[in-house]
*Asks:* 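Please see the structure below; I have some questions.
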There are 2 protein chains.
Amino acid sequence: MLRLTKKADYGLMALKYLAEHPDSVSVSAKDIADTYGIPPQLLAKVLQRLTKVGLLRSHAGMNGGYELSRGAQTISAFEVIHAIDGPLFITSCTKGSKSCDLEPSCTIKEPLARVNDSIAGVLKSISIHDMADFDVSAGHGMESQPLVMLTRA
Amino acid sequence: MLRLTKKADYGLMALKYLAEHPDSVSVSAKDIADTYGIPPQLLAKVLQRLTKVGLLRSHAGMNGGYELSRGAQTISAFEVIHAIDGPLFITSCTKGSKSCDLEPSCTIKEPLARVNDSIAGVLKSISIHDMADFDVSAGHGMESQPLVMLTRA
DNA sequence: TGAACTGCGACAAAAATAGTCCTATACTGG
DNA sequence: CCAGTATAGGACTATTTTTGTCGCAGTTCA
């Protein structure tokens with residue numbers, strides 16, 4: 001429940017990989033798929049999408065592949081997830097279009113929309129750089145400290 | 001993406017409804033289903049589950065139905081969602097059991113686990129009471145203020 | 001030219017969700 | 001104590017979403 005799709009996972013993994021290998025000029029989808037044991041063609045599609053959205057730059061032909069189009073610090077998890085899985089809506093019925101087809105229906109999404117925004121905020125505050133090795137190597141006592149603090153308004 | 005299941009939606013709607021009708025001793029699944037245009041049998045199952053978990057008290061027979069087993073302020077959205085959709089995991093591969101089957105695999109869930117915790121925190125901070133009419137009738141300038149404030153650690 | 005890539009569209013397979021059906025059991029009111 | 005209205009819950013089907021595959025076209029490079 002409330003799960004990221006595997007595609008989004010793959011996308012995040014791939015970007016993280018790219019962030020950790022800035023030396024390599026460009027890395028092929030196959031390279032990444034192999035290192036993680038992911039279906040290559042599926043990852044390829046994910047990367048193609050990320051390219052289309054502008055998060056990656058691609059290079060066809062031999063020794064081709066992908067590279068980050070921006071610094072890892074400037075790419076948020078939100079952008080990646082949004083690009084792959086589409087708009088982030090916690091409620092089935094999006095408030096924008098048509099709302100809930102039926103009747104007075106979900107009076108529930110008004111309040112949940114704010115939860116949604118909060119989640120989006122969390123995701124936006126985390127960059128690919130944050131997810132890369134650094135946190136593993138650096139912080140250790142960090143485990144007890146949440147990445148974000150939640151305080152009631 | 002990152003969507004609640006309809007069952008969870010239904011559950012939240014039903015609890016909200018119950019919170020808004022404290023007068024009624026007990027409300028039947030059908031009553032709620034009718035007012036929202038939800039499949040009655042499906043809602044019934046959801047309510048049965050919520051009863052099993054202890055969030056509701058049920059009463060069979062004529063004029064039977066359900067009622068909140070506790071105050072609406074003390075029931076969080078998280079509890080409801082957890083009861084219906086099961087444990088909240090943003091990553092496909094839960095870190096607990098077996099992790100990602102393959103290789104070095106998702107080095108990604110470590111960082112995402114913290115996002116997960118943050119989201120759970122948001123959900124836990126919102127009660128059924130918070131979701132009920134009150135926010136609609138009461139606050140108006142509230143729209144611009146997020147329900148929770150996010151601050152980086 | 002041919003091998004190693006990306007870029008797509010169309011499928012096919014699998015899994016999760018949503019919803020239905022049917023039967024049993026419990027309580028209420030007359 | 002009987003009929004009607006509810007909950008309880010198992011089994012099953014339908015639908016939708018997600019996941020993964022295939023095939024082919026365009027690119028680049030040696």
Side-chain angles (χ1 to χ4, degrees), chain A residues 1-11 13-14 18 24-34 36-67 69 81 84-87 89 91-93 100-102, chain B residues 1-11 13-14 18 24-34 36-67 69 81 84-87 89 91-93 100-102:
Chain A
M1 142 58 346
L2 214 61
R3 206 164 264 159
L4 249 43
T5 61
K6 282 195 178 179
K7 283 185 189 175
D9 269 2
Y10 295 162
M13 289 164 73
L18 289 172
S24 328
V25 182
S26 98
V27 183
S28 74
K30 190 172 177 305
D31 288 340
I32 302 177
D34 284 351
Y36 291 120
I38 294 174
Q41 311 212 60
L42 188 50
L43 179 63
K45 293 213 160 176
V46 170
L47 297 182
Q48 281 164 28
R49 179 155 226 140
L50 292 175
T51 301
K52 212 169 184 177
V53 168
L55 292 176
L56 294 179
R57 262 196 303 263
S58 68
H59 184 61
M62 274 191 90
N63 302 318
Y66 300 88
E67 62 179 325
S69 68
I81 294 170
I84 299 172
D85 286 345
F89 285 126
T91 43
S92 336
C93 3
C100 250
D101 316 309
L102 298 168
Chain B
M1 141 63 340
L2 213 60
R3 207 165 264 157
L4 249 43
T5 60
K6 282 195 177 178
K7 283 185 190 175
D9 269 2
Y10 295 163
M13 290 164 73
L18 288 172
S24 327
V25 182
S26 98
V27 184
S28 74
K30 190 173 178 307
D31 288 341
I32 302 176
D34 284 351
Y36 291 120
I38 294 175
Q41 311 214 57
L42 189 51
L43 179 62
K45 295 215 160 177
V46 170
L47 297 183
Q48 283 164 26
R49 179 157 225 139
L50 292 176
T51 302
K52 212 171 184 177
V53 168
L55 292 175
L56 294 178
R57 260 196 304 265
S58 68
H59 184 61
M62 273 190 90
N63 301 318
Y66 301 87
E67 61 178 327
S69 67
I81 294 170
I84 298 172
D85 285 345
F89 284 126
T91 43
S92 337
C93 3
C100 249
D101 315 310
L102 297 168

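In the text below, chain A, chain B and the rest are named by the order of the sequence lines, each starting its count at 1.
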*Asks:* Backbone N or O of A:Leu55 within a donor-acceptor pair of the A:Ser69 side chain at under 3.5 Å?
*Replies:*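 Present.
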*Asks:* Taking all non-hydrogen atoms of both residues, which atom of B:Val46 and which atom of B:Gly11 are closest, and how far apart?
*Replies:* CG1-CA, 3.7 Å
*Asks:* Hey, does A:Lys30 have a side-chain heavy atom less than 4.5 Å from the side chain of A:Ser28?
*Replies:* yes
*Asks:* Taking only N/O atoms, report every protein-nucleotides 13-15 of chain C pair under 3.5 Å with atom names and distance.
*Replies:*
none

*Asks:* Whole Å only: how far is the CD1 atom of B:Ile84 from the P atom of C:dT17?
*Replies:*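 That distance rounds to 13 Å.
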*Asks:* Considering all heavy atoms of both residues, which atom of B:Leu56 and which atom of B:Tyr66 are nearest to each other, and what is their separation?
*Replies:*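 Looking at all heavy atoms of both residues, the closest pair is CD1-CD2, 4.0 Å.
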*Asks:* Could you walk me through whether B:Lys7 and B:Leu42 satisfy the side-chain contact (heavy atoms from CB on, under 4.5 Å) test, starting with their C-alpha distance in whole Å, then the side-chain angles of each, then the deciding distance to 0.1 Å, before giving a yes or no?
*Replies:* CA-CA 8 Å; B:Lys7 283 185 190 175; B:Leu42 189 51; 4.0 Å; yes
*Asks:* I want to check one thing: is the phosphate of C:dA18, taken as OP1 and OP2, less than 4.0 Å away from some side-chain N or O of B:Tyr10?
*Replies:* no
*Asks:* Write down the distance between CG (B:Leu4) and C1' (C:dT17), rounded to a whole number of angstrom.
*Replies:* 13 Å
*Asks:* What is the distance, rounded to the nearest whole Å, between atom CG of A:Leu42 and atom C1' of C:dA12?
*Replies:* 14 Å
*Asks:* Taking all atoms of both residues into account, what is the closest heavy-atom pair of A:Thr51 and A:Ser58, and its distance?
*Replies:*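 Looking at all heavy atoms of both residues, the closest pair is CG2-OG, 3.7 Å.
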*Asks:* So which heavy atom on B:Arg49 is nearest to which on B:Ile84, and how close?
*Replies:*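 Distance-wise, the nearest heavy atoms are CD-CA, 4.1 Å.
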*Asks:* For nucleotides 5-13 of chain D, just jot down a letter per nucleotide in 5' to 3' order: B, S or -, based on protein non-hydrogen atoms under 4.0 Å.
*Replies:* BSSBBBB--
*Asks:* I need the single residue from B:Leu4, B:Ile32, B:Ile38 that forms a side-chain contact (heavy atoms from CB on, under 4.5 Å) with B:Tyr10. Which is it?
*Replies:*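 The side-chain contact (heavy atoms from CB on, under 4.5 Å) with B:Tyr10 is passed solely by B:Ile38 among B:Leu4, B:Ile32, B:Ile38.
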*Asks:* Backbone N or O of B:Gly64 within a donor-acceptor pair of the B:Ser26 side chain at under 3.5 Å?
*Replies:* yes
*Asks:* Over the length of the helix from C:dT1-D:dA30 to C:dG30-D:dC1, how much do the five-pair end axes diverge, rounded to 10 degrees?
*Replies:*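 Answer rounded to 10°: the end axes differ by 10°.
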*Asks:* So which atom in A:Ala33 and which in A:Pro40 form the shortest heavy-atom distance, rounded to 0.1 Å?
*Replies:*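 Closest approach of A:Ala33 to A:Pro40: CB-CA, 3.6 Å.
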*Asks:* Round to a whole Å and report the spacing from OH of B:Tyr36 to C1' of C:dG19.
*Replies:*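 Distance, rounded to whole Å: 20 Å.
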*Asks:* Can you tell me how far P of C:dC27 sits from CZ of B:Arg57, to the nearest Å?
*Replies:*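 Distance check: B:Arg57 CZ to C:dC27 P gives 15 Å.
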*Asks:* Please answer whether the main-chain N or O of A:Val27 pairs with a side-chain N or O of A:Ser24 as donor and acceptor at a distance below 3.5 Å.
*Replies:*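 Pair absent, no side-chain N/O of A:Ser24 close to backbone of A:Val27.
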*Asks:* Nearest whole Å is fine: how far is D:dT18 P from A:Lys6 NZ?
*Replies:*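 Going from NZ in A:Lys6 over to P in D:dT18 covers 13 Å.
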*Asks:* Rounded to the nearest angstrom, tell me the gap between atom CD1 in B:Ile38 and atom C1' in C:dT17.
*Replies:*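 Rounded to the whole Å, the gap is 15 Å.
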